[in-house]
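Notes to accompany the following structure.
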Amino acid sequence: MEISTPGRICLFGEHQDYLGLPVIPMAISLRTRLIGKNRSDSKFIINKPDLNEEESFSFDELDYTKPRDYFKSGLKICINEGLTFSTGFDCEITSQIPVQAGCGSSSAIMVSWIHFLSQMADERADWDQEKIGELAYKAEVQEFSEPGGMMDQYSSAIGNLIYLESEPKISIESMKPNLGTFVLGDSCEPKDTMEILQRCRDSRLAIFEKIKLQNPNFSLHEIKLEEISQYNLNTDEVTLLSGTIQSRDLLRQALPELKNAEPDHKKIGILLSEHHSISREVLKVSTPKIETMLDASINAGALGGKINGSGGGGCMFAYAPDNPGKVVEAIEKEGGIAYTIHSEVGTRID
């Protein structure tokens, strides 16, 4: 059995989905592949040749022994859903997705693992892509009380471009605009994803709680920029809240355009760059190298771009529907690794 699952970039809503705000991610044409077969015993052996690692455990060893013990958590989530397994599996995982670089590499693996287990169970589970995304989110985020949202898992599972709302309930709309090509640039700078997510999330959650003491009816979905002044906030809090509202409103501007079969490419590029400016100036998650790569991309003809993922290193992307080759050269000249990418289908059996 072979499962293939894409990574993702976030067009709009970066650092917003874990606050309950909508997000627009896009599955990309860099994929993880999981190949597996039944064993004659109860062992699970997962070979990761890209990392020169191997992981193994058996059915009676499902207690977590390390942070983010994802293969065990994915198996436990599937068992909780009623799946049974008479044997373990030999698996090999390879990936084109940059690792720990903000492109959802771990979520693509988790989605692949859940999808694989659903097919290899004693009674095959006929789960759709949305269900696979839901279970991957439970196994990766909820099971370990991590600070991330659900964008990565649903994007990799469903594929293409989606508009994802998590409040008041999960609502997903698939979109297929003719966006053309992007160029993903890996800065090769290591980043501390959990620290950045906690900092960006917790600082704003504290602001919201402070406001709710003054106005119990406060809603991040409804507040307008001009209403911030009515609350007793310090300068840093005003800056963070303003940036959050501006990012929310940029997504709202982009959404109607992305629902068009032929969107305005220049407008999308401008909105992407405006979204990045908030990530840089307000959340402070960019780096000098990311900025250099973005500037080089724009100078090479890209229409816009932004940092991707939690930030603090990792990847950026540039929107280059007309001249991706020149943008690739520009990013590589600045020391990045560049990939020409486009929208891609979600998890599938190959």
Worksheet item: Among all residues two or more places apart in sequence or in another chain, which pass the side-chain hydrogen bond (donor to acceptor under 3.5 Å, both in side chains) test with Lys131?
Response: Glu81

Worksheet item: Under 4.0 Å between a Lys/Arg side-chain N and an Asp/Glu carboxylate O for Glu134 and Lys138?
Response: yes

Response to the item:
Those residues at least two apart in sequence (or on a different chain) that pass salt bridge (Lys or Arg N to Asp or Glu O under 4.0 Å) with Lys37 are none

Worksheet item: With sequence neighbours left out, what residues match Glu61 under side-chain hydrogen bond (donor to acceptor under 3.5 Å, both in side chains)?
Response: Ser58

Worksheet item: Which residues satisfy the salt bridge (Lys or Arg N to Asp or Glu O under 4.0 Å) test with Asp322, sequence neighbours excluded?
Response: none

Worksheet item: So, Glu140 and Ser106: side-chain donor and acceptor under 3.5 Å apart, yes or no?
Response: yes

Response to the item:
Sequence neighbours excluded, the answer for side-chain hydrogen bond (donor to acceptor under 3.5 Å, both in side chains) partners of Glu165 is Tyr163

Discussion item. Tell me every residue that passes salt bridge (Lys or Arg N to Asp or Glu O under 4.0 Å) with Lys210, counting only those two or more places apart in sequence or in another chain.
Written reply: Glu237

Worksheet item: Tell me, which pairs form a side chain to side chain donor-acceptor pair (under 3.5 Å) where one or both residues lie in residues 180-189, sequence neighbours left out?
Response: Ser187-Glu189, Glu189-Thr287

Worksheet item: Do any pairs count as a salt bridge (Lys or Arg N to Asp or Glu O under 4.0 Å) and have a residue in residues 152-162, sequence neighbours left out, and if so which ones?
Response: Arg8-Asp152

Fill in: Qualifying residues under side-chain hydrogen bond (donor to acceptor under 3.5 Å, both in side chains), relative to Tyr70, sequence neighbours excluded
Arg68, Glu146

Worksheet item: Does Asp295 have any salt bridge (Lys or Arg N to Asp or Glu O under 4.0 Å) partners at least two apart in sequence or in another chain, and if so, which?
Response: none

Discussion item. Test: salt bridge (Lys or Arg N to Asp or Glu O under 4.0 Å). Region: residues 214-231. Which pairs qualify, not counting sequence neighbours?
Written reply: none

Item to complete: Just jot down the side chain to side chain contact (heavy atoms under 4.5 Å, CB included) partners of Asn52, sequence neighbours excluded, or say none.
Response: none

